[in-house]
Amino acid sequence: MIPSILLDIGLGFVSHALAACSRETLQNATAAYVQAQTAGNPGLLDLASNVSYAENDTPLDIKQGVLSQPITIDFSRSLHDTVQCATFTELTAATSKHPYVIHTRMLLDNSDTTTPNNTNNNNHSSSQITHIESVVTDAGDWAFNATGHLYWTRRETWDAIAASARDARATIQAAADAYLDEWANTSVAVPLGTPCARLEGGIYSGTRDPAANTCAMPAFPTPLHVGNRRYVIDEELGAVDVFDGFPWIERTEPDRSMPSSNLIRVEKGKIRYIHELTVCATPNCGR
Ligand SMILES: *[C@@H]1O[C@H](CO)[C@@H](O)[C@H](O)[C@H]1NC(C)=O
Ligand SMILES: *[C@@H]1O[C@H](CO)[C@@H](O)[C@H](O)[C@H]1NC(C)=O
Ligand SMILES: *[C@@H]1O[C@H](CO)[C@@H](O)[C@H](O)[C@H]1NC(C)=O
Ligand SMILES: *[C@@H]1O[C@H](CO)[C@@H](O)[C@H](O)[C@H]1NC(C)=O
Ligand SMILES: *[C@@H]1O[C@H](CO)[C@@H](O)[C@H](O)[C@H]1NC(C)=O
Ligand SMILES: *[C@@H]1O[C@H](CO)[C@@H](O)[C@H](O)[C@H]1NC(C)=O
């Protein structure tokens, strides 16, 4: 039996976890994340004492993870989801000794009061990070080329969208869902814009004509059900990231859903950019 005092604390935590977070809180968290990964020091983050950490769908001791290795980060983009109290960051590390492209999703609690074990040892309003998970790609993962990723991501425009032109959260999420749902059902209409370009690992669909819509997917030989979707949505950037499982792609294990992430920018309801990372078990998923 659980003592009622603990139940009260538990319920308090739940109501905090459901509350919205400020954009500034989340921006501080993503700035700290980029610093922590640069230094290879997770201690620079305000972590809950029982923070969960996972890479490529596998729970891991944060001290054994990539976050505990210093990485030279050439470029990053972050999304801030004030409704879910969640963040997303894409790190492009092309000039690092070990090149990586990493997608990271973090969930924060919304403790807007002093937290007793704040690892930063300060007392300003703080929200601690309760979950961190990453899709970590490097050599051998799907179409991996950090140099190519860096080259193309730097040329894209992901400015804040004017308040009057912003899409609703539901519209942004629906565009991403349609893109993934079409892999299972080719009748699904995907709102691709013109132009639209996809950065798949380090390969850019818009290489030949960046002004064209080059995002349409060729039909897969079999319907693919992309499941376990976890979203971070930022209306200000018109962007969503979806962590998901990509079946079929790994030739040696076609039934396994490989860890994958799609970062999608939507403008006026239409998809403008897609950045896909997918982890392989064998070099380039055996393809
Ligand atoms: C964000 O970081 C700035 C600079 O360190 C700090 O002044 C501010 O209080 C922080 N805001 C929140 C909400 O934590
Ligand atoms: C961390 O602790 C909080 C508060 O006790 C609890 O609600 C939450 O489920 C725990 N999280 C994990 C990942 O164990
Ligand atoms: C805070 O840290 C102290 C000392 O390490 C520990 O005994 C206590 O359980 C922690 N409290 C919480 C809420 O995590
Ligand atoms: C933060 O606030 C707590 C509770 O008021 C206090 O005990 C602690 O000394 C403060 N810590 C710092 C670093 O100011
Ligand atoms: C990676 O991308 C860069 C820039 O587009 C290109 O020059 C290079 O040839 C690519 N490397 C491989 C192995 O495809
Ligand atoms: C496939 O998508 C179409 C268009 O959205 C829909 O009408 C149809 O019911 C879907 N089929 C299945 C099997 O879900």
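Here the structure is a predicted model, which is why all the values come from computation and not from measurement. For ligands, and for the atoms within them, numbers begin at 1 and follow the listed sequence.
At under 3.5 Å, a nitrogen or oxygen of N28, whether backbone or side chain, sits near a nitrogen or oxygen of ligand 1. Looking at ligand 1, you'll find an N or O of E24 within less than 3.5 Å of one of its N or O atoms. Where the criterion is an N or O separation shorter than 3.5 Å, residue side chain and backbone included, S187 fails it with respect to ligand 6.
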Take V266 and I264 through the side-chain contact (heavy atoms from CB on, under 4.5 Å) test and state the conclusion after the steps. CA-CA 6 Å; V266 176; I264 295 180; 4.0 Å; yes
Determine, step by step, whether D109 and I129 satisfy the side-chain contact (heavy atoms from CB on, under 4.5 Å) criterion, reporting the C-alpha distance in whole Å, the side-chain angles of both residues, the deciding distance to 0.1 Å, and the verdict. CA-CA 6 Å; D109 67 13; I129 297 164; over 6 Å; no
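Close contacts of ligand 6 with V188, meaning ligand atoms under 4.0 Å from a residue heavy atom, involve 2 (O). Counting the atoms of ligand 6 from 1 in the order shown, those under 4.0 Å from a heavy atom of N185 are 1 (C), 2 (O), 3 (C), 8 (C), 10 (C), 11 (N), 12 (C), 14 (O).
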Side chains of residues 189-204: which donor-acceptor pairs under 3.5 Å do they make with residues two or more places apart or in other chains?
from : atom 1 : to   : atom 2 : distance (Å)
R198 : NE     : E200 : OE1    : 2.8
R198 : NH1    : Y179 : OH     : 3.2
R198 : NH1    : C215 : O      : 2.7
E200 : OE2    : W142 : NE1    : 2.9
Y204 : OH     : E156 : OE2    : 2.7

Show which side-chain atoms of residues 237-247 pair as donor or acceptor with protein atoms under 3.5 Å away, not counting sequence neighbours.
from : atom 1 : to   : atom 2 : distance (Å)
D241 : OD1    : S261 : OG     : 3.0
D241 : OD1    : L263 : N      : 3.2
D241 : OD2    : S261 : OG     : 2.9
D244 : OD2    : N262 : ND2    : 3.3

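For R77 and F75, the positive end is not near the middle of the six-membered ring at less than 6.0 Å and at most 45° from its axis.
Side-chain contact check for H131 and S52: at least one donor-acceptor pair (N or O, by modelled atom type) lies under 3.5 Å.
Listed by chain and number, N145, G148 each place a non-hydrogen atom less than 4.0 angstrom from ligand 5.
To the nearest 0.5 Å, the span separating OG1 on T186 from CG on D181 amounts to 12.0 Å.
With sequence neighbours excluded, the residues that form a ring-ring contact (aromatic ring centres under 6.0 Å, His included) with Y100 are H98.
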